[in-house]
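What follows is a set of notes on a single structure, which appears directly below.
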Amino acid sequence: MHETRTTSPEAKSQGICVTQGLETYLVGGAVRDQLLGRSVRERDFVVVGASAEEMLRRGFQQVGKDFPVFLHPETKDEYALARTERKTAPGYHGFSVHAAPEVTLEQDLLRRDLTVNALALDAQGRVIDHHGGLADLTARVLRHVSPAFAEDPVRILRLARFAARYADLDFTIAEETLALMQTMVAAGEVDALVPERVWAEMARALCEDRPSRFFEVLRECGALARLLPELDRLWGVPQPEQWHPEIDTGVHVMMVVDMAARLSPDLEVRFAALCHDLGKGTTPAEILPRHHGHEARGIGLVDAVCARFKIPIRCRELARITAGYHGLVHKVAELRSATILDLLEKTDAIRRPDRFRQMLIACEADSRGRTGHAERPYPQAAILLDLLDAVAALDVGAIARQAGEPRLIPEYIRAARIAALKTARRDIS
């Protein structure tokens with residue numbers, strides 16, 4: 001066991017009386033991030049030698065049914081009784097939990113996923129390291145604590161997410177850990193994952209600065225082919241080198257999702273960027289490297305992914321229109337005004353301009369997510385927003401009154417919108 005000293009958050013906590021006499025340790029991510037010099041997102045504590053009855057008597061509020069976790073009555077930090085776990089069935093929920101006063105800190109840390117997450121900080125400011133976490137933190141290695149890692153397939157997703165979170169620090173995956181993950185995938189463990197949990201981890205990974213690392217790790221261990229075959233099949237699919245110097249579609253999509261992360265904090269935009277080219281994975285081999293019709297094919301694939309993981313409607317809607325219309329957005333300067341109006345109407349841009357702006361950001365990420373294009377301007381977005389403003393400024397009510405007959409109203413409105421687009425395009429040019 002290695003011990004070192006650092007500042008103890010426990011000494012700073014409020015309401016110290018309720019923890020007086022308890023053997024408490026700050027554990028997990030808070031210790032890891034503090035040692036990495038990162039801001040601490042949340043603080044979790046382990047309590048050794050106590051019972052649920054004692055925690056309740058001290059005023060803690062119990063949460064969770066599977067194991068004893070308690071909220072501090074003032075700070076609302078989580079305090080969990082030290083526990084061990086035993087695998088009883090496949091999947092995420094198949095565990096038997098044993099929490100009792102005799103469970104030691106070392107036993108509790110042994111059940112954790114990665115060595116860098118199996119660190120603890122005591123009330124005197126000492127880092128407790130039973131499993132080599134400090135060495136792996138210094139070496140920037142993600143390594144499983146014990147063979148028990150294989151008992152929970154969610155740990156594959158968590159490791160991939162940590163790889164994305166710390167991509168700027170160049171963390172690598174220990175060879176034996178990657179091999180274990182591959183064995184888990186081959187054994188069908190990821191097939192037992194709850195869809196909502198997969199999406200929860202994916203969404204968190206998409207919100208990191210370099211989300212591509214999450215999907216690359218899943219691909220390395222074989223989990224991507226089981227969870228997202230629509231995305232996995234894009235690697236090895238060629239694109240015209242004239243437009244895509246990176247050629248490989250899978251490589252391109254990873255560049256696009258990272259560019260989307262650079263351009264927008266919105267989960268919807270990043271998910272749309274991830275899914276924008278799914279249709280290229282179903283392009284007939286005889287027409288490669290061209291991908292005629294991939295936009296229309298992509299919409300159905302987006303629907304399939306969203307249904308499988310019960311992805312929120314706002315993400316699905318933006319991903320659908322981005323997949324279906326990004327090609328037209330790129331070519332806006334070449335389109336007829338009538339076609340531009342069709343684009344605005346089919347994407348519901350007039351009624352939902354904010355979502356349309358999000359789509360344009362995803363399209364910009366697609367354009368700039370190519371080798372040698374990262375710093376190039378994307379004037380299409382500004383052009384389309386100006387054209388949208390011109391259409392939205394029309395007095396539809398007045399136009400409808402000019403039509404005279406109700407059956408003529410749509411025709412009059414369309415004609416007025418096309419005329420407004422033509423005028424605006426002359427002004428822009």
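Nothing here was measured: the structure is a model prediction, and the numbers come from that model.
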task = I would like to know whether E201 and R197 meet side chain to side chain contact (heavy atoms under 4.5 Å, CB included); could you show each step before the answer?
result = CA-CA 6 Å; E201 294 293 334; R197 186 59 191 270; 3.2 Å; yes

ask   = Should E364 and Q380 be marked as a side chain to side chain contact (heavy atoms under 4.5 Å, CB included) after you check the CA-CA gap, both sets of side-chain angles, and the distance that decides it?
value = CA-CA 8 Å; E364 180 177 353; Q380 292 93 324; over 6 Å; no

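Counting only N and O atoms by type, the side chains of T283 and R297 include a donor and acceptor under 3.5 Å apart. D209 and Y166 share no side-chain donor-acceptor pair at under 3.5 Å. Counted by atom type alone, E74 and H72 present zero donor-acceptor pairs between their side chains at under 3.5 Å.
Tested against R143 for a side chain to side chain donor-acceptor pair (under 3.5 Å), the candidates T172, T177, D136 yield a single pass: D136. Here the rule is side chain to side chain donor-acceptor pair (under 3.5 Å) with Y378, and of H373, H330, R368 only H330 fits it.
Salt bridge R320/D303: present, at least one basic N to carboxylate O contact under 4.0 Å. A salt bridge links R262 to E375: one of the charged nitrogens lies within less than 4.0 Å of a carboxylate oxygen. R226 and D191 are joined by a salt bridge, as a carboxylate oxygen and a charged side-chain nitrogen come within less than 4.0 angstrom of each other. Ion pairing of E345 with R414 is present here, as a side-chain N (NZ or NE/NH1/NH2) and a carboxylate O approach within less than 4.0 Å. Note on E317 versus R352: salt bridge recorded, some NZ/NE/NH1/NH2 to OD/OE distance being below 4.0 Å. Using a cutoff of 4.0 Å between basic side-chain nitrogens and carboxylate oxygens, D77 and R43 are scored as salt-bridged. Taking the charged nitrogens against the carboxylate oxygens, E230 and R308 do have a contact shorter than 4.0 Å, which makes a salt bridge. Between R370 and D366 there is no salt bridge, since no side-chain nitrogen of the basic residue lies less than 4.0 Å from a carboxylate oxygen of the acidic one.
Pairs engaging residues 189-220 under the ring pair (Phe, Tyr, Trp, His ring centres under 6.0 Å) rule: W199-F271 [sequence neighbours left out].
For the pair D248 and G236, the tightest heavy-atom approach, listed with the atom from each and the gap, is OD2-N, 2.6 Å. When all heavy atoms of C275 and V302 are compared, the closest pair comes out as CB-CG2, 3.8 Å. The nearest pair of heavy atoms linking Y412 to Q402 is CE2-O, 3.8 Å. Heavy atoms only, all atoms of each residue included: I299 and A323 are closest at N-CB, 4.5 Å. When all heavy atoms are compared, the tightest approach of V257 to R270 is CG2-O, 3.7 Å. M359 and V329 make their closest contact through CE-CG2, 3.6 Å (heavy atoms, listed as atom of the first residue, atom of the second, distance).
Under a 3.5 Å cut-off, the side chain of D277 and the backbone N or O of K280 do not form any donor-acceptor pair. Without hydrogens or angle criteria, D258 side chain to S212 main chain gives a donor-acceptor distance under 3.5 Å. Although no hydrogens or angles enter the test, the distance criterion places a donor-acceptor pair under 3.5 Å between the side chain of E246 and the main chain of T371. Side chain of R213 to main chain of R210: no donor-acceptor pair is present (N/O by atom type, distance under 3.5 Å, no hydrogens or angles). The main-chain N or O of C363 is never found under 3.5 Å from a side-chain atom of S367 such that the two would form a donor-acceptor pair. Side-chain N or O atoms of K76 include one that pairs as donor or acceptor with a backbone N or O of P73 at under 3.5 Å. Checked by atom type and distance alone, the side chain of T347 pairs as donor or acceptor with a backbone atom of L343 at under 3.5 Å. Proximity of a side-chain donor or acceptor of T115 to a complementary backbone N or O of H131 within less than 3.5 Å is not detected. With hydrogens and angles disregarded, no donor-acceptor distance shorter than 3.5 Å links the side chain of S264 to the backbone of A260. A donor-acceptor contact shorter than 3.5 Å is absent between the side chain of D266 and the backbone of E268.
L114 CG to R158 CZ: the interatomic distance, rounded to the nearest 0.5 Å, is 7.0 Å. Taken to the nearest 0.5 Å, the CG atom of L218 stands 6.0 Å off from the CG atom of L157. To the nearest 0.5 angstrom, L274 atom CG is 5.0 Å from L231 atom CG. Note that the CG atom of L278 and the CG atom of L234 stand 6.0 Å from one another [nearest 0.5 Å]. Rounded to the nearest 0.5 Å, atoms CZ (R32) and CG (L134) are 13.0 Å apart. Between atom CD of residue Q34 and atom CZ of residue R38 there is a gap of 14.0 Å, rounded to the nearest 0.5 Å.
Ring-centre distance between F171 and F162: not below the 6.0 Å cut-off. The ring of H276 has its center closer than 6.0 angstrom to the ring center of H252. Aromatic pair H294/H326: centroids less than 6.0 angstrom apart. Aromatic rings of Y79 and F70 (six-membered ring for Trp) have centroids beyond the 6.0 Å cut-off, not under it.
Within the 4.5 Å cutoff, side-chain heavy atoms of L408 are placed close to those of E405.
Enclosure of atom CD in E175 is not indicated, since only 12 or fewer non-hydrogen atoms of other residues, nucleotides or ligands lie within 6.0 angstrom.
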